[in-house]
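What follows is a set of notes on a single structure, which appears directly below.
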Amino acid sequence: MYNFRKIEEKWQNYWKEHETFKAEDDFSKKKFYGLVEFPYPSGSGMHVGHIKAYSGLEVIARKRRMEGYNVLFPIGFDAFGLPTENYAIKTNIHPRIVTDNNIKNFTNQLKRVGFSFDYERVIDTTDENYYKWTQWIFLKLFEHGLAFRDKTLVNYCPSCKVVLSNEDSQGGKCDICHSDVIQKEKDVWYLRITEYAEKLLEGLKDVDYLPKIKLQQENWIGKSTGAFVNFEIEGINDKLKIYTTRPDTLFGVTFMVIAPEHPLIDKNKDIIENMDEIYKYREVASKKTEFERIELVKDKTGVLIKGIKAINPVNGKSVPIYTSDYVMMGYGTGAIMAVPAHDGRDYDFAKKFNIDIIPVIKNPSDDTLPYVGDGVMINSDFLDGINNKKDAIKKMIEFLKEKGIGEAATQYKMKDWAFNRQRYWGEPIPIVHCKHCGNVAVPYEELPLKLPKIDNFAPGTDGESPLAKIDSFVNCKCPKCGRDAKRETDTMPQWAGSSWYYLRYIDPHNDKELASMDKLKYWLPVDWYNGGMEHVTRHVIYSRFWHHFLYDIGVVPTKEPYSKRTAQGLILGPDGDKMSKSKGNVVDPNEVVDVYGADVLRTYVLFMGDYALDCPWNDNAIKGVSRFLDKVYNLKDKLNDKEGYTKELEVIINKTIKKVSEDYESMKYNTGISELMKLVNSYMDINSITKDDYMILIKLLHPVAPHITEELNEILGNTKLVENSSWPKYDDSKVVDDVIVIAVQVNGKVRDTIKVRTDENKEVVENEAMSANNVKKHLEGKEIVKVIVVPNKIVNIVVK
RNA sequence: GCCUGAGUGGCGGAAUAGGUAGACGCACAGGACUUAAAAUCCUGCGAGAUUCAACCCUCGUGUCGGUUCAAGUCCGACCUUAGGCACCA
């Protein structure tokens, strides 16, 4: 085995000394900005999953350097967050110290693997020079009315007196003390991301994201089109506004449903006859946890509101109004028109409460209801006989508009972004609450608003942040009127720092602005962003939102932050399960580097399977990769420049360059590496190889296994790094063999193979095929119906 | 329930403008080298039938149908599995 320890240490030191991977702000050069998701520096150190995630773009970054690009390939740390805070609570060690140690540990590990990051540009979201600008962006959002305070219901544990996330309160029980979680009303900060829903959706058209990534974002944004329709309330001067995506089915409305919290109820509590019953229902519904709501999907509950009725504006029919928790206040108008014949949920409800069901679209196959498909309108007056989707929707919307009872409308599922946590280890929200002036922004020149040093990180009582206990932090003067005021004590969520970090890499030490426009203009957009599928909705959408906003206020020069986004698959444990400490199937990258070296680890994580798919770790398979690199190294003993190579080898080499180049670009690293293995096998089969041929292998392998290739390059007497050399080119005329083997089928079954010249004319090929030994046998006594010759591919003889 | 992927040897996985299924690697078996082992090198390796042996033959890419000279690949219906969304009107 080659001495990887010595070689890898040597080259890592060399790269560090010579700043080999430093990105230059030289605007005359063509640039490539490759981005990987920066890690959360957890106490348990790096995971092999990190190695896989970074190795993908590492290959591209190194290839780009060889192609002459000025490459920015940065790394940093997303270091605010709960695990560190919880660890601090347990051990009473300050999160700052914990974070610094973890970052040190991560950095050492990253360097041991030899990633070509520019360590001059490392950022840490918990650094006050960084979060100063996170706070700055928040203030800009606040200034533009996109950050606001509103009441919401949060999961609250009355025993621990803390606000819990959904994850920490599963099944309605507090994760820590197992008592019942209640829903508590609280004032929280929101970012108005819904304002950008359309722009975020629209922007997807201009970027190159994997189709499944675009789809997930589209679903997350959840645009739907339909109409608002106003229903009169019988006898009183009031209206019920509903949202529907199916205005075509208006004639099929047999009842209305409103959310339990709908204001119509309280507004009319004097005429409603069964308020007691409704109050009771409302209370039960509000206590239902998320979990129960999902479980009880099929069992519809609700209460008929007695005393008020709605009038269907298209036919004047009087219909009952129910309240049910299957309609939610947070979407549309919190009220729906129910068409049980053509909606599954309305149908279930109607069956349970014995309500009329009137079909308005003919089910083309049978009369089964509910029928949610398209078809011809029936029982619908002026819509009868036309197709619902093609014509009825349009016609109905025109009708609604003309009569002034409704209009076309668009809705989004996406909700505003709840932007605060009651925790210590996060960016302080730079707002002061003043009795006289309300919520007042901390002046820009006072940023960063530093996180005060405290000793007790446990959450405050009554669901408050630990910061609420620090009087010297809380008590302050109102920046506007100068009177006594109190600071906001909540901190920002972990998503904040990661929403703009790619901008800071571009100009990490700037203390005047978050990044200079000149540099942003040169480096943006990120050319290629790779990361996990789990961040495709939240993180990527949040950062796109911030970027769009920053574009609108003239801080960044592009609309979209990332022009391309890909995602890698997980590395599963050797048992095929997701790696987790509790299962004991976690592979430590350090141990692999100790035994096999960094180059083997890097090569293996890329070779183990399709980069985009999940794949189990296999302790044995890594040996094959180790053998491969040994062979590459040992080939140096076969060097002999005198001997010229054969035509056959020339084709193999050209084909390899082509295939490897293409495979790297499409992240098919596994087949790219297998191609290199084949090339090595070809080299092994001959007596000696030339330096030129060896260099091709070294260069193609370099992005994957850079230490061994730099070493071999030096052994070959080159003074220029492989990293600074050029990517091999192939000759298009030399990627095809002169003679190829093609299969001959009889009735679709392969019976023999023949050797023919490439692009040989059809007649010759046909004759060859007919006279192949085993083919003749199958043709005996049969009548030839047809002969199909596909050039350079196959011959198929059809017989009877 | 809806939306996405994925189902191919003992294992990880190759091969899709339809054209020799199983590249490459692992594991395994036999051989060479060695006092021996490790390492390395060579050979074999989907299943079955047949044969002294080879050729040859049959079957085979989750299931069932279909289109085609030809289907892992296209179409229809389903099954399993992973992930995402979830009473979104």
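Order of the sequence lines fixes the chain letters, A, B, ..., with proteins taken first and strands second; residue numbering starts at 1 for each chain.
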Can a donor-acceptor pair be found, under 3.5 Å and without considering hydrogens, that links the side chain of A/Asn312 to the backbone of A/Lys317?
no

Test item: A/Asp630 side-chain N/O and A/Tyr2 main-chain N/O as donor-acceptor pair under 3.5 Å
yes

Let's see if you can work this out: which of B/G13, B/U20, B/U4 has an atom nearest to the side-chain heavy atoms of A/Cys615?
B/G13

If the P atom of B/C75 is compared with that of B/A39, how far apart are they to the nearest Å?
48 Å

Does A/Lys638 NZ have over 12 foreign heavy atoms under 6.0 Å away?
yes

In terms of side-chain heavy atoms of A/Thr245, which of B/A89, B/C41, B/C56 is nearest?
B/A89

Closest to the A/Ser674 side chain, choosing from B/A23, B/C3, B/C85
B/A23

Under 4.0 Å, heavy atoms only, any strand: does A/Ile788 hit a base, just the sugar-phosphate, or nothing?
base

Would you state whether a donor and an acceptor, one from the side chain of A/Lys300 and one from the base of B/C87, lie under 3.5 Å apart?
yes

Going by a 90° cut-off around 0, is B/G9 syn or anti?
syn

Rounded to the nearest angstrom, tell me the gap between atom CE in A/Met414 and atom P in B/C85.
15 Å

Candidate nucleotides B/C57, B/A89, B/C87, ranked by approach to the side chain of A/Asp325 - the nearest
B/C87

Which of these nucleotides, B/C69, B/A21, B/A89, is closest to any side-chain atom of A/Val750?
B/A21

Using a 3.5 Å distance criterion without hydrogens, assess whether the side chain of A/Tyr611 forms a donor-acceptor pair with backbone atoms of A/Ser666.
no

Can you identify which nucleotide, out of B/C56, B/G13, B/A89, has its nearest atom closest to the A/Asn670 side chain?
B/G13

Distance, rounded to the nearest Å, where A/Tyr322 contributes OH and B/C87 contributes C1'
18 Å

Exceeds 12 heavy-atom contacts within 6.0 angstrom, atom NZ of A/Lys214
yes

Return the value, rounded to whole Å, for the distance between atom CZ of A/Phe349 and atom P of B/A89.
18 Å

Please work out whether the ring planes of A/Tyr542 and A/Trp417 are parallel, tilted or perpendicular, with thresholds of 30° and 60°.
parallel

Please work out whether the ring planes of A/Phe228 and A/Tyr243 are parallel, tilted or perpendicular, with thresholds of 30° and 60°.
perpendicular

A/Trp617 has an atom CH2; how far is it from atom C1' of B/G12, in whole Å?
13 Å

In whole Å, what is the span from the CD atom of A/Glu261 to the P atom of B/C87?
13 Å

Expressed in whole Å, how much space separates the C1' atoms belonging to B/U68 and B/A49?
30 Å

Quick check on contacts: within residues 793-800 of chain A, what sits under 4.0 Å from RNA chain B by heavy-atom distance?
A/Lys793, A/Ile794, A/Asn796, A/Val798

For A/Phe255 and A/Phe349, I'd like to know if the aromatic rings sit close, meaning centre-to-centre distance below 6.0 Å.
yes

Starting at CE of A/Met608 and ending at C1' of B/C11, how long is that distance when rounded to a whole Å?
13 Å

Among B/C69, B/C57, B/A6, the one nearest any side-chain atom of A/Leu613 is B/A6

Return the CG to CZ distance between A/Asp325 and A/Arg282, rounded to the nearest 0.5 Å.
12.5 Å

Return the polar atom pairs (N/O with N/O) between nucleotides 25-31 of chain B and the protein under 3.5 Å, or none.
{"from": "B/G25", "atom 1": "OP1", "to": "A/Asn681", "atom 2": "ND2", "distance (Å)": "3.2"}
{"from": "B/C26", "atom 1": "OP1", "to": "A/Arg627", "atom 2": "NH1", "distance (Å)": "2.5"}

Does the ring of A/Tyr529 carry A/Arg565 above it, NZ/CZ under 6.0 angstrom from centre and within 45° of its axis?
yes

P-based separation of B/C69 from B/U16 [nearest Å]:
24 Å

Considering only heavy side-chain atoms of A/Asp610, the closest of B/C56, B/A14, B/U58 is B/A14

Side chain of A/Pro616 only, heavy atoms from C-beta on: which candidate in B/A89, B/G12, B/C41 is closest?
B/G12

Rounded interatomic separation in angstrom, taking CD from A/Glu534 and P from B/G84:
9 Å

Around atom NZ of A/Lys636, are there more than 12 heavy atoms of other residues, nucleotides or ligands at under 6.0 Å?
yes

Distance test, side-chain N/O of A/Tyr331 to OP1/OP2 of B/A89, below 4.0 Å:
yes

Toward the 5' end of RNA chain B, by each residue's nearest nucleotide, A/Asp346 or A/Asn219
A/Asn219

Nearest-angstrom distance, C1' atom, B/A29 to B/U35:
25 Å

Take atom C1' in B/G84 and the same atom in B/G10, then report the distance between them in whole Å.
34 Å

Please tell me which of A/Gly609 and A/Thr537 maps to the more 5' nucleotide of RNA chain B, matching each residue to the nucleotide holding its nearest heavy atom.
A/Gly609

Could you tell me if the side chain of A/Gln217 sits less than 4.5 Å from the side chain of A/Arg544, heavy atoms only?
yes

Between B/C57 and B/U63, how many Å separate the two C1' atoms, rounded to a whole number?
27 Å

Decide if atom NZ of A/Lys782 counts as having more than 12 heavy atoms of other residues, nucleotides or ligands within a radius under 6.0 Å.
no

Given atom NZ of A/Lys212 and atom P of B/G83, what is their separation to the nearest angstrom?
13 Å

Just the dot-bracket of RNA chain B, please: which string comes out with Watson-Crick or G-U pairs under 3.5 Å, [ ] for crossing, | for another strand?
(((((((..(((......[....))).(((((.......))))).(((........)))..(((((..]....))))))))))))....

Polar side-chain atom of A/Ser380 near backbone of A/Phe251 as donor-acceptor pair, under 3.5 Å
no

If you measure from the Lys or Arg side-chain nitrogens to the Asp or Glu carboxylate oxygens, is any gap between A/Lys578 and A/Asp614 under 4.0 Å?
no

Have a look at A/Thr671 and say if it touches a base, only the backbone sugar-phosphate, or nothing, with a 4.0 Å heavy-atom cut-off.
sugar-phosphate

How would you label the contact of A/Asp630 with the nucleic acid (heavy atoms, under 4.0 Å): base, sugar-phosphate, or nothing?
nothing

Which whole number of Å gives the distance between the P atom of B/C11 and that of B/G46?
13 Å

Sugar-phosphate only, base, or nothing, as touched by A/His778 at under 4.0 Å among non-hydrogen atoms:
sugar-phosphate

Interatomic distance at C1', B/U8 relative to B/U73, whole Å
12 Å

